[in-house]
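Down below is the structure, laid out as structure tokens.
As the structure lists them, so they are numbered: ligands from 1, and atoms in each ligand from 1.
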Amino acid sequence: MQAPFIFVREGGVVGFAKDILCIGAGYVGGPTMAMIAARCPQYKVTVVDINHARIAAWQSDQLPIYEPGLDEVVRQARDRNLFFSTHVEQGIRDADIIFVSVNTPTKTFGQGAGRAADLQYWEKTARQILEHADRNKIVVEKSTLPVRTAEAMERILNANTKNIRFEVLSNPEFLAEGSAITDLEAPDRILIGSKETPEGITARKVIVDIYANWVPRENIIESNVWSSELSKLAANAFLAQRISSINTISALCEKTEADVDEVAYAIGKDSRIGPKFLKASVGFGGSCFKKDILNLVYICHSYGLSEVAAYWESVVKINEWQESRFVRTILESMFNTVAGKRIALLGFAFKANTGDTRESPAIYIARGLAEERAEVVVTDPQALANARDDLTDMGDRVHFESDPYTAAEGAHALAILTEWDVYRQLDYARIFASMEQPAFLFDGRNILDHHRLFELGFNVFPIGKAALKHF
Ligand code: NAD
Ligand code: UGA
């Protein structure tokens, strides 16, 4: 811990230059605020949450989320100018700027169920701010929200009789899990939207100034508040669309003996297309792609744009199809039955370098195989606790094993579901020797050397490439 920086504020008050609050200490609130605090020692940054266990973890050496590099950033600023607390009301009173980073899941009830964003946590926060604020504040939407939510937020907040004004801005977060710290350190862009009134522009400048402490000015984009809100949904939709597009091509590759990695490389060399997000896979997961696209779909429908809605919805439908196609491939290639066969799932996190399993394709695949009465064994270097939670209702139809070699022992098949580096380096000859024969390997991430595995004796089924079979 380093000594706090003390500044003289306007009016001669001694203290931090600004008091920043973040409501919501999740995957976004925790890391983003830790980065702001680390890069801006002149600001006091407090992160509050109603989840006491989560806050206790942020205060401990065992942070509540696994993210490479996060420990160092937190350690640098915690108790200096970064604080974690459950005192939401006090935090609101003290803050000049309030970032709201609460969860905005898909609604599961009533109108828009399964598509619209569930804004109950968001609205509750607005009402809490309204109740406890006693001076003007800037409120920043960090959560991903439907376009025009800032309008509703401002209506709630400015319907006060305390003569307080709130300026509501949008500053969506583009970090990806597993690379959150590098994304926050050197973001492609920071997007800040505000109303284009004098007050809106002034508030926008305050937020720009925070990021300008470490982000080059040309990477900070300013826009109107609606463009900012919509850009976040559109960015996730475009990213997911690329994955669904390459996944459709993967199916065609399997029929035609084209190789999806070669096709992706060839098309990605076109600078208009670019190489990123063209890795065919078992499907995209994560807490946001599906929810944000479905939210976009719902918004389009509500504006009468049914063709636009159908276009984006197909991105999610193709993803679901790709997941079910993977289960079907396992079933069909293992002689149309997996009943009683041990199948080891290598990886459960929705991507490498995170313990997060939200919407992980592995959940769907584990369930699909268990329904076929396979004996499913799940292993993962970081996500086993979450995997247990996701599959609690499966009882003894699913087992959990931290060691991949033990998971593979006696298995009829392995399926790579997360692209963890550790799975690239396993001793597959040893694994092959410990498995039932014929041994199958389904590489849902195309990370292994398929020809070598075939030579070792495996029957290998990659994504978007011809299968290598000994029969
Ligand atoms: P999360 O579920 O990990 O964290 C949200 C936190 O908000 C929870 O800890 C919850 O207890 C807390 N919370 C809810 N209501 C509260 C209240 N009234 N007062 C105090 N705390 C409250 O969610 P997340 O993954 O951090 O996502 C937050 C938002 O950011 C979502 O809108 C998401 O779409 C968006 N987003 C997420 C990511 C990501 O990688 N996870 C990336 C970009 C944007
Ligand atoms: C995604 C976006 O990349 C972030 O910009 C955004 O801020 C975030 O969603 C959000 O709004 O929550 P994230 O879901 O953390 O980030 O991770 P990604 O790297 O985008 O991966 C999402 C899924 O797509 C993973 O399951 C990954 O394995 C899969 N994927 C990704 C592929 O199958 N192929 C690819 O080429 C890339």
Side-chain angles (χ1 to χ4, degrees), residues 21-33 47-55 57-58 64-65 67 85-89 91-92 98-106 117-129 141-146 149 171-180 183-184 187-189 232-233 235-240 242-247 250 261 264 268 275-293 295 319 322-323 347 349-354 356-362 417-419 444-446 463:
L21 177 74
C22 177
I23 303 181
Y27 284 85
V28 168
T32 51
M33 292 302 125
V47 190
V48 291
D49 205 292
I50 42 176
N51 183 333
H52 288 239
R54 214 165 203 186
I55 289 297
W58 279 112
I65 58 176
E67 199 59 65
S85 161
T86 51
H87 297 127
V88 182
E89 297 159 17
I92 292 171
I98 303 176
F99 286 86
V100 182
S101 188
V102 299
N103 36 328
T104 51
T106 303
D118 182 350
L119 296 178
Q120 61 171 309
Y121 307 101
W122 174 256
E123 178 160 347
K124 187 159 180 270
T125 314
R127 295 191 185 282
Q128 274 176 305
I129 295 173
E141 299 175 342
K142 195 57 152 159
S143 302
T144 303
L145 292 159
T149 302
N171 168 221
E173 184 49 59
F174 295 102
L175 68 77
E177 286 179 32
S179 58
D183 293 343
L184 289 167
D188 284 351
R189 80 309 208 178
K232 174 62 197 177
L233 292 181
N236 274 359
F238 271 63
L239 289 168
R242 283 175 70 94
I243 304 168
S244 278
S245 296
I246 199 68
N247 281 344
S250 77
D261 284 340
K276 294 184 180 169
F277 265 67
L278 287 179
K279 184 76 185 153
S281 68
V282 63
F284 61 74
S287 62
C288 294
F289 277 175
K290 184 176 170 191
K291 114 176 141 56
D292 292 348
I293 295 174
N295 184 208
N319 196 53
Q322 183 77 347
E323 291 170 344
F350 79 97
K351 63 186 280 196
N353 298 321
T354 176
D356 195 351
T357 60
R358 290 178 291 179
E359 294 295 337
S360 177
L417 300 188
T418 311
E419 70 283 19
R445 297 289 182 169
N446 282 349
I463 295 270

Closest to atom 30 (N) of ligand 2 among protein heavy atoms sits I243 CD1, 3.4 Å
Any N/O pair N51/ligand 1 closer than 3.5 Å:
no
For atom 7 (O) of ligand 2, what is the closest protein heavy atom, and at what distance to 0.1 Å?
L175 O, 2.7 Å
The atoms of ligand 1 lying under 4.0 Å from a heavy atom of T104, numbered in the order shown, are 31 (C), 32 (O), 34 (O)
Selected option - heavy-atom contact closest to atom 5 (O) of ligand 2, from F174, F289, F277:
F174
Polar proximity ligand 1 side, D292 side, N/O cut 3.5 Å exclusive:
no
Answer with side chain, backbone, both or neither: which part of C288 has a heavy atom less than 4.0 angstrom from an atom of ligand 1?
side chain
Short list, please: which atoms of ligand 1 are under 4.0 Å from a heavy atom of T125?
18 (N)
Any nitrogen or oxygen of Y121, main chain or side chain, under 3.5 Å from a nitrogen or oxygen of ligand 1?
no
Heavy-atom nearest neighbour in the protein, as seen from atom 35 (C) of ligand 2, with distance rounded to 0.1 Å
K279 O, 3.7 Å
Nearest protein heavy-atom contact for atom 33 (O) of ligand 2: which residue, which atom, what distance?
S281 OG, 2.6 Å
What part of R358 sits under 4.0 Å from ligand 1 if we count only heavy atoms: the side chain, the backbone, both or neither?
side chain
The atoms of ligand 1 lying under 4.0 Å from a heavy atom of S101, numbered in the order shown, are 5 (C), 28 (C)
Which protein non-hydrogen atom lies closest to atom 12 (O) of ligand 2, naming both residue and atom, and how far is it?
C288 SG, 2.7 Å
Ligand 1-proximal atoms of I23, by part, heavy-atom distance under 4.0 Å:
side chain
Select the closest option to atom 3 (O) of ligand 2 among L239, V282, L278, judged by heavy-atom distance.
L239
Evaluate the side-chain proximity of Q322 to F284: yes if any heavy-atom separation is below 4.5 Å, no if none is.
no
Counting heavy atoms only, which of R445, Q322, E359, K276 comes nearest to atom 28 (O) of ligand 2?
R445
Nearest-contact summary for atom 19 (O) of ligand 2 - protein heavy atom, Å
K351 NZ, 2.8 Å
What atoms of ligand 1 come closer than 4.0 angstrom to any heavy atom of S287?
41 (N)
For atom 26 (O) of ligand 2, find the nearest protein heavy atom and state the residue, atom name and distance (0.1 Å precision).
F350 O, 2.7 Å
Please indicate whether any nitrogen or oxygen in K232 is less than 3.5 Å from any nitrogen or oxygen in ligand 1.
no
Going by the 4.0 angstrom heavy-atom rule, the piece of L175 near ligand 1 is both
Considering both backbone and side-chain atoms of D49, is one of its nitrogen or oxygen atoms within less than 3.5 Å of a nitrogen or oxygen in ligand 1?
yes
Has R242 got any heavy atom lying under 4.0 angstrom from an atom of ligand 2?
no
